[in-house]
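Down below is the structure, laid out as structure tokens.
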Amino acid sequence: MKVTDYFDKATGQTLISFEVLPPPKGGGMQAIFSVLDPLMEFKPPFIDVTYHREDFVYVERPGGYFEKISIRKRPGTVGICAAIVHRYGVDAVPHLICGGFTKEDTENALIDLNFLNINNVLALRGDARKFDGRFVPEEQGHAYALDLVKQIADMNAGRYLDENIENGERTDFCIGIAGYPEKHFEAPNMELDLEHTKAKVDAGANYIVTQMFFDNQKYFEYVQRCRDIGIQVPIVPGLKPITKEGQLNAIPRNFFIDLPHELVSSVQQAKNAEAKRQAGIEWCIAQSKELKAAGVPCLHYYTMGDAKTTRQIAEAVF
Ligand code: FAD
């Protein structure tokens with residue numbers, strides 16, 4: 001079923017969903033199942049699986065020279081989605097990115113998903129490879145998520161890259177996209193970022209999942225600004241708890257978001273590592289309860305492989 005159909009069917013009740021990361025190469029499916037098994041009692045209608053492109057590393061070889069090699073640390077997104085559907089009977093939402101994909105690679109990936117009856121995708125540009133420093137599209141690939149959304153919408157209309165294909169099978173993908181309550185870091189200002197988000201919705205995106213945020217006011221304002229410019233699709237808040245003091249610096253550095261002073265103080269003042277973790281969890285629970293009371297369509301948790309923490313939050317909120 002489509003993600004947006006779940007929202008419609010819930011008639012105003014807030015749903016719960018989770019995002020998982022493929023295990024590092026060499027790991028097995030048990031790494032995913034051990035995160036999801038304890039969370040399935042909360043009945044998530046869908047689970048997101050992230051996509052991780054290759055990056056370059058330099059490896060020192062005998063003789064002191066360095067070899068540049070390309071590695072994909074976390075492959076397996078589509079296979080994991082199929083395994084999730086098979087084991088739990090819930091929908092899986094693969095993340096699909098522009099980075100590393102030509103348009104034809106994208107088309108072929110979408111054909112695989114269609115054949116697997118996976119009808120939801122989160123369409124993203126993807127981050128820059130660390131090696132590049134800025135996002136570099138593939139030759140014959142997409143530079144922005146907007147172009148990826150357009151390609152998926154084209155396939156939904158039966159249009160494939162090969163113009164000789166007549167009466168191509170119409171896929172039926174429900175398309176999610178990313179949104180940024182605190183602005184995407186590359187956008188010169190919020191207005192332009194919102195215009196770019198609106199362009200994705202106008203091109204066929206059916207819902208938005210937000211970047212994590214720790215101040216609900218930013219989410220509420222973001223939703224209002226989206227509505228003001230005519231973005232009417234559901235906007236799902238993405239949530240992640242702070243569990244370690246080091247994240248007070250790492251999260252703003254990696255995700256370009258602010259942490260409220262009250263949250264930072266409560267984590268800093270907690271006496272030991274477990275108390276700091278609990279302070280972060282309590283904050284996330286309070287955020288979740290307020291968002292649920294406001295009637296958001298779904299609370300979407302970034303599990304980061306931490307079932308225990310996610311479960312504690314879900315138990316307190318649902
Ligand atoms: P876009 O919508 O393309 O926007 C990127 C930037 O370009 C923005 O600043 C936007 O304002 C600007 N822009 C857009 N269109 C135009 C235009 N026509 N002209 C000029 N500027 C424009 N990354 C992964 O690699 N794998 C994942 O699985 C993954 N999952 C994610 C899940 C969520 C919920 C979120 C919020 C992010 C996720 N990301 C993931 C990170 C995401 O790929 C990055 O944030 C990336 O830098 C931007 O992706 P986007 O889809 O928002 O890009």
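We count ligands from 1, going down the list as the structure has it; atoms in each ligand are counted the same way. Below, all heavy atoms of this structure are taken into account, side chains as well, without hydrogens, waters or symmetry copies.
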Any atoms of ligand 1 less than 4.0 Å from a non-hydrogen atom of [X]? List them with their elements.
{"X": "A187", "result": "9 (O), 11 (O)"}
{"X": "H184", "result": "5 (C), 6 (C), 8 (C), 9 (O), 45 (O), 46 (C), 47 (O), 48 (C)"}
{"X": "Y302", "result": "34 (C)"}

Electrostatic pair [X]-[Y], nearest N-O below 4.0 angstrom:
{"X": "E41", "Y": "R311", "result": "yes"}
{"X": "D147", "Y": "K103", "result": "no"}
{"X": "R225", "Y": "D228", "result": "no"}
{"X": "D202", "Y": "K198", "result": "yes"}
{"X": "R277", "Y": "E274", "result": "yes"}
{"X": "K2", "Y": "D172", "result": "yes"}
{"X": "E107", "Y": "R159", "result": "no"}

For ligand 1, is [X] a contact, meaning one of its heavy atoms is under 4.0 Å away?
{"X": "H52", "answer": "no"}
{"X": "L146", "answer": "no"}
{"X": "L122", "answer": "yes"}
{"X": "D193", "answer": "yes"}

Region of [X] that comes within reach of ligand 1 [heavy atoms, distance under 4.0 Å]:
{"X": "F255", "result": "neither"}
{"X": "R125", "result": "both"}
{"X": "Y180", "result": "side chain"}
{"X": "R53", "result": "neither"}
{"X": "D48", "result": "neither"}

Closest to [atom] among [options] (heavy-atom distance):
{"atom": "atom 14 (C) of ligand 1", "options": "M190, H196, E186", "result": "H196"}
{"atom": "atom 18 (N) of ligand 1", "options": "F185, F256, Y144", "result": "Y144"}
{"atom": "atom 43 (O) of ligand 1", "options": "G238, G126, A123", "result": "G126"}

- Item | T171 side chain to N156 side chain, donor-acceptor N/O pair below 3.5 angstrom |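 A pair is found: one side chain offers a donor N or O, the other an acceptor, under 3.5 Å apart.
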
- Task: Measure the shortest side-chain to side-chain distance between T303 and L39 over non-hydrogen atoms and say whether it is less than 4.5 angstrom.
- Result: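 With C-beta onward as the side chain, the pair touches.
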
- Task: Look only at interatomic distance and state if H95 has a nitrogen or oxygen under 3.5 Å from any nitrogen or oxygen of ligand 1.
- Result: yes

- Query: Relative to F56, does K68 satisfy both conditions: NZ or CZ under 6.0 angstrom from the six-membered ring centre, and within 45 degrees of the ring's axis?
  - Reply: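 Satisfied, under 6.0 Å and within 45°.
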
- Task: For atom 4 (O) of ligand 1, decide whether some protein heavy-atom distance is shorter than 4.0 Å.
- Result: no

